[in-house]
Undergrad: 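The structure follows.
Whatever order the structure lists ligands and atoms in, that order sets their numbers, starting from 1. Here the structure is a predicted model, which is why all the values come from computation and not from measurement. These numbers come from the heavy atoms of this one structure, side chains and all, not from hydrogens, waters or symmetry mates.
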Amino acid sequence: MADRMNPHWVLARMPPEGWPVDADFAWREAPAPSPGPGQMLTRTIYLSLDPYQWGRRRRGVEAPGEVCHGRTVSQVVESRLQGFVPGDFLFNTNGWQTYGLTGEGISTFGYMFPRKLDPSLAPISSAVGVMGMLGLTAYAGLYVQCAPRAGETVVISAASGGVGQVAGQLAKLRGCRVVGIAGRAEKCAYVKEALGFDECVSHLDPGFADRLRTACPEGVDVYFENVGGRVFETVLGLFNSGARITLCGLASQYGAMGEDIVQSWKAAGDKTFSERNMKVYPLFVGDYVASHQDQFLAEMAGWLQDGRIRYREDIHEGLETAPRAFQSMLSGGTFGKTLVQVSPDPTRQA
Ligand code: NDP
């Protein structure tokens, strides 16, 4: 059989200060690898684009010339791993490439792989979104760490994004007053009208601080932090005594160089945290996979099926779109959970 070609993106250079540009990525083509004992070859269907990928590249975790890292939804093409057969759908880490190996000796980057997907439970694309990593992130941060009570005010930043849209709806299920923060007007409208948040305020609005204060007349009890920077500084003045924060991510800061962005964030908040007797919970979703993923997936499948949780995906067609879609996602250009469709999804074909 002729070689199966594997188009992919590599990191072209050590990224300089700031945000990604086209020159940070290089397109390559090579024959697809063959699976060894205990491995399988999988075809990428969906590639997840996530803000942390840029932080990772900026910190040098990924070296120039390496395939860009990314979580994926894939289908098994050849298997030498017991329990997996061609045709199975998986959540795995193929990265920004068309084919990848999964199984023994292949890094899982701190996650548990491979996870087989059941297309009858939810669309397979959601395994990198609401029915997977991002949903579990929202669930762990909100329910396990902050445990909001009915009537409390919960504020969610990047509210229309992959994590934010789920976190806010989970808070609504607990009977909280939920206030989102997002960018463009259409994102704010979606968060309020389609997702059912009580309010959504745009951080692009010149009157952002006043509008946020008005949206939280009884102060803020729980804050789900996704972006940091000016948004965080604005929320800071509104915390009630005993408020809790999930420090999930700092998407506005991932282009920074030469500073510890978490330390800077803590330094900005420290005085308020101690004066108001607050708790800050750093979050790494990988810490909750073994303990909470099964329960989370069962609950989320039910919420999706009965329509209590809704979600929006922004799917870009073709692996070649990945660098531009990634740049757009980091600057608020995409809308919903950002994905690239790398190859056809057989579960969505008529
Ligand atoms: P999103 O889909 O929410 O994309 C990021 C969004 O951040 C942008 O679309 C934009 O939305 C917003 N943003 C970017 N820059 C700014 C800015 N300067 N000010 C305000 N908002 C800004 O990403 P995800 O849902 O995938 O991730 C959300 C956060 O969760 C990230 O910080 C990520 O790193 C973190 N995360 C953490 C995990 C963990 O284990 N702790 C696991 C997974 C994700 P808008 O247009 O509305 O401004």
Side-chain angles (χ1 to χ4, degrees), residues 18-20 47-59 69-71 109-111 126 128-130 132-142 144-146 155-169 180-192 195 197 200-205 208 212 223-235 245-256 261-262 265 280-289 292-293 296 311-316 325-339:
W19 297 102
L47 163 67
S48 177
L49 296 180
D50 301 273
Y52 80 87
Q53 293 171 2
W54 189 235
R56 190 173 191 282
R57 278 160 208 152
R58 297 294 321 287
R59 292 196 313 277
H69 158 90
R71 310 290 191 198
F109 299 100
Y111 223 77
S126 67
V128 288
V130 63
M133 268 188 339
L134 297 192
L136 182 60
T137 302
Y139 183 95
L142 201 76
V144 184
Q145 295 186 324
C146 289
V155 172
I156 314 279
S157 55
S160 72
V163 174
Q165 57 182 327
V166 184
Q169 292 179 87
I181 299 171
R184 300 196 306 270
E186 60 172 334
K187 292 187 174 184
C188 292
Y190 170 76
V191 164
K192 204 171 156 185
L195 302 184
F197 288 34
C200 189
V201 180
S202 171
H203 62 83
L204 303 174
D205 187 327
F208 169 53
L212 187 63
Y223 176 48
F224 199 103
E225 173 66 294
N226 283 321
V227 298
R230 199 174 64 86
V231 167
F232 170 58
E233 286 158 21
T234 308
V235 181
I245 301 180
T246 283
L247 176 48
C248 173
L250 298 170
S252 73
Q253 305 297 306
Y254 295 157
I261 58 175
V262 173
W265 182 91
V280 175
Y281 300 101
L283 178 63
F284 171 57
V285 62
D287 292 341
Y288 293 87
V289 174
H292 290 83
Q293 180 165 270
F296 157 74
Y311 65 99
R312 181 182 173 112
E313 295 173 327
D314 192 337
I315 302 181
H316 297 251
F326 186 58
Q327 293 165 49
S328 176
M329 184 258 307
L330 286 167
S331 60
T334 59
F335 184 0
K337 163 65 196 153
T338 310
L339 300 163

Undergrad: For ligand 1, which atoms, with element, lie under 4.0 Å from some heavy atom of Leu330?
TA: 14 (C), 15 (N)
Undergrad: Just by distance, do the side chain of Gln165 and the backbone of Arg312 share a donor-acceptor pair under 3.5 Å?
TA: yes
Undergrad: Tell me: protein heavy atom nearest atom 23 (O) of ligand 1, and distance?
TA: Pro51 CG, 3.4 Å
Undergrad: For this output row, return yes or no: ring centroids of Phe335 and Tyr190 closer than 6.0 angstrom.
TA: yes
Undergrad: Heavy-atom contacts with Val231 under 4.0 Å: which atoms of ligand 1 show up? List them by number with element.
TA: 20 (C)
Undergrad: Near Phe284, which atoms of ligand 1 are under 4.0 Å from a heavy atom of that residue?
TA: 40 (O)
Undergrad: Taking only residues two or more places apart in sequence, or in another chain, which ones meet Ala138 in a side-chain contact (heavy atoms from CB on, under 4.5 Å)?
TA: Val163, Val166, Ala167, Leu170
Undergrad: Any nitrogen or oxygen of Thr137, main chain or side chain, under 3.5 Å from a nitrogen or oxygen of ligand 1?
TA: no
Undergrad: Test your reading of the model: is there a side-chain donor-acceptor pair from Glu225 to the backbone of Val227, 3.5 Å cut-off?
TA: yes
Undergrad: Does a donor on one side chain sit under 3.5 Å from an acceptor on the other, for Lys187 and Ser202?
TA: no
Undergrad: Nearest non-hydrogen contact with atom 19 (N) of ligand 1 belongs to which option: His203, Gln53, Met133?
TA: His203
Undergrad: What atoms of ligand 1 come closer than 4.0 angstrom to any heavy atom of Gly161?
TA: 1 (P), 2 (O), 3 (O), 25 (O)
Undergrad: Could you tell me whether Arg58 sits above the aromatic face of Tyr254, with NZ or CZ closer than 6.0 angstrom to the six-membered ring centre and within 45 degrees of the axis?
TA: no
Undergrad: Could you check which of Thr334, Leu134, Val285 puts a non-hydrogen atom nearest to atom 43 (C) of ligand 1?
TA: Leu134
Undergrad: List every atom of ligand 1 that sits less than 4.0 Å from any heavy atom of Ala182, numbering the atoms from 1 in the order shown and giving each element.
TA: 47 (O)
Undergrad: Minimum distance, heavy atoms only, to atom 37 (C) of ligand 1: which one of Gly229, Gly249, Cys248 is it?
TA: Cys248
